[in-house]
Amino acid sequence: MTTVTYTVPAISCGHCTHTIESEVGELQGVQSVKAEVDSKKVEITFDAPANEAVIKALLSEINYPAEGLITL
């Protein structure tokens, strides 16, 4: 299982977080998605067949492109 955290500057409200959590959560292999308005961060935990390329492509497709990967 892999967990990544992205900076997503386009997050501005609860609707944004709901959209991201719903859409990304539907990807096969995604275990959890947590989007935050205040920090503009999205934390995603996933296994195969999901991968970072697929997740980032979906975020861009739904108009919430990830601008950076946050490493802890």
Side-chain angles (χ1 to χ4, degrees):
M1 193 168 321
T2 303
T3 299
V4 294
T5 303
Y6 295 113
T7 300
V8 181
I11 297 174
S12 62
C13 65
H15 178 265
C16 298
T17 60
H18 176 74
T19 300
I20 291 167
E21 290 172 354
S22 296
E23 294 287 333
V24 176
E26 289 180 10
L27 286 174
Q28 190 174 7
V30 171
Q31 304 298 315
S32 68
V33 183
K34 180 165 175 41
E36 298 178 355
V37 174
D38 294 337
S39 64
K40 298 189 183 297
K41 294 178 185 173
V42 178
E43 182 180 274
I44 305 161
T45 301
F46 63 93
D47 282 321
N51 60 51
E52 286 191 61
V54 170
I55 292 167
K56 288 177 77 173
L58 177 60
L59 287 169
S60 291
E61 183 180 310
I62 62 172
N63 297 315
Y64 295 102
E67 286 198 356
L69 176 64
I70 299 168
T71 54
L72 301 176

Give the minimum heavy-atom separation between [X] and [Y], together with the two atoms involved.
X     : Y     : value
Leu58 : Val24 : CD2-CA, 3.8 Å
Val8  : Ala66 : CG2-CA, 4.1 Å
Lys41 : Ile11 : O-CD1, 4.2 Å
Tyr64 : Thr19 : CE1-CG2, 4.0 Å
Ser12 : Lys40 : CA-NZ, 4.2 Å
Asn51 : Val54 : OD1-N, 2.8 Å

(message) Any heavy-atom pair between the side chains of Leu59 and Pro65 that's under 4.5 Å?
(response) no
(message) Just so I know, are the side chains of Val4 and Phe46 near enough to count as touching, which here means a heavy-atom distance under 4.5 Å?
(response) yes
Interatomic distance, [X] atom [atom1] to [Y] atom [atom2] [nearest 0.5 angstrom]:
X     : Y     : atom1 : atom2 : answer
Ile55 : Ile20 : CD1   : CD1   : 12.5 Å
Thr5  : Glu43 : OG1   : CD    : 4.5 Å
Cys13 : His18 : SG    : NE2   : 11.0 Å

(request) Please confirm whether the backbone N or O of Met1 pairs with a side-chain atom of Asp47, one donor and one acceptor, at under 3.5 Å? (result) yes
(message) According to salt bridge (Lys or Arg N to Asp or Glu O under 4.0 Å), does anything in residues 16-37 pair up with another residue at least two apart or in another chain? List the pairs.
(response) Lys34-Glu36
(message) Checking Thr3 against Ile44 for the side-chain contact (heavy atoms from CB on, under 4.5 Å) test, could you report, in this order, the C-alpha distance in whole Å, the side-chain angles of both residues, the deciding distance, and whether it holds?
(response) CA-CA 6 Å; Thr3 299; Ile44 305 161; over 6 Å; no
(message) Please list all pairs meeting side chain to side chain donor-acceptor pair (under 3.5 Å) that have one or both residues in residues 52-62, counting only residues at least two apart or in different chains.
(response) Tyr6-Glu52
